[in-house]
Amino acid sequence: MATLTINDLKDLKGKRTFVRVDYNVPMEEKDGQMVINDVTRIRETLPTLKLLMDKGARLILAAHLGRPKGKREASMSLAPVAAKLSEMIGKPVAFVDDCVGDKVAAAVARMRDGDIVLLENVRFYAEEEANDPAFAARMAAVADVYVNDAFGSAHRAHACTEGVARVVAARGGLCAAGLLMERELKFLGDELENPARPFVVILGGAKVSDKILVIDRLLEKADCILIGGAMAYTFRLAQGCKTGKSLVEADKVDVARAALDKAAARKVRFLLPVDDVVATPVKTDKLDKKGKPVIDWQDPRVNTSKDCPDDAAGLDIGPATIKAYSEAVAGAKTILWNGPMGLFEDKRFATGTNAVAQAVADATRTGAKSIIGGGDSVKALNKAGLGDKVTFMSTGGGASLEFLEGKELPGVAALSKKPSCCGR
Ligand code: 3PG
Ligand code: MG
């Protein structure tokens, strides 16, 4: 049965409406201040907030930022987000430096219809990720109605993504999806259920293990699957090719082989790169954020063999692969893209990812529906200036993957259903 949305909510006037949003935005310290690098996740909630304001609701927004693990971390405060939201929505947003207790109660008591309050990072409490029922009940103390617009966090069964909804529902209150959540479920769900064909899927990224459940499910729906990124080398290994120093998951070779067999049995075109850009790794003295030596990629070159040279790693798809993948995309009526074709953060290895982004944008212009499954592919499209040239870009990373795998998301499962009389 279909999930209730805020369009279905009739009498919101004066109602304290607890809205879970995903404001887990990328931030960076500049001159001692935290600044927001990308406001997409804030911007995408504005239609929901405006509709609720128009309906006379009092909006209490809750969100997490980063992974503070139950401790107050000044660098992970949502205060800069409150300021940014206020600027973007054109009205004051009151910030409360807590998410439960007296300060919240006092701020909510002062609210008038259409007012907005943003609560402090819910993950400053360990009870949030533990989905502690008592904590959820404390948060729900200010909620007459619950709205979830945080698709990006809907794969988490945490207190304010799941527990608060359960408390509100148990009291007979309504729990609805926001407009962003509704759009995400429509594009990543309904639209891919019965896609216009050919349905072409482009999957990239480092690991087969991250994507195998998605591959397995899409093998039942897609006409063609294009593989890029380091995970292509695990498939090559399964075919007996040499992979040199490329990133491979040797323990996933069986899984890769099973996917290749399934594609053959179902007559799904399953394309692997036929050439690539390889480079020789040289360890430097520098350490990355995780304390591992930074690799200097030397002597980037096109490799036209399916075998990778012993001293090199594959870091991007090559020109012949770009041509083949672009042609497949050009013939598509529905496109789903998740994951880059290579190490696109380094511009020497961004050509393949940019070419795919361009092919997807071109196909969209001539009538294909293109759906981008979040994370790095969204970053790559935006970097190429093509973010507004596709049909839909998801705001979820992990959430979109789990949803594409066919899993029920706890944050969605906790919402009310539309009454059956007016369902569908
Ligand atoms: C995300 O950015 O992936 C979501 O906001 C969820 O964050 P999390 O992975 O820390 O739960
Ligand atoms: Mg995540």
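First listed ligand is number 1; within each ligand, the first listed atom is number 1.
- For ligand 1 and R156, the ligand atoms under 4.0 Å from any heavy atom of the residue are 8 (P), 9 (O), 11 (O).
- Between V19 and the options L52, I6, I60, N148, a side chain to side chain contact (heavy atoms under 4.5 Å, CB included) holds for only L52.
- Considering backbone and side-chain atoms together, R41 places an N or O closer than 3.5 Å to an N or O of ligand 1.
- In this structure, S153 has a heavy atom closer than 4.0 Å to ligand 1.
- Of the polar atoms of H158, none of the N or O atoms is found under 3.5 Å from an N or O of ligand 1, judged by distance alone.
- Note on ligand 1: G152 sits in its first shell, one or more heavy atoms being nearer than 4.0 Å.
- In this structure, W297 and F349 have perpendicular ring planes: the angle between them is above 60°, well past the 30° mark.
- Per-residue contacts place D22 under 4.0 angstrom from the following atoms of ligand 1 (heavy atoms of the residue considered): 4 (C), 5 (O).
- Taking every heavy atom of R67 and a limit of under 4.0 angstrom, the matching atoms of ligand 1 come to 8 (P), 9 (O), 10 (O).
- Contact between T161 and R20 at its shortest, heavy atoms only, is CG2-NE, 3.7 Å.
- A side-chain donor from one of T321 and D275 sits under 3.5 Å from a side-chain acceptor of the other.
- For E129, the closest heavy-atom approach to ligand 1 does not fall below 4.0 Å.
- Here the two rings, on Y125 and F135, have centers that are under 6.0 Å apart.
- With hydrogens and angles disregarded, a donor-acceptor distance shorter than 3.5 Å links the side chain of R41 to the backbone of N24.
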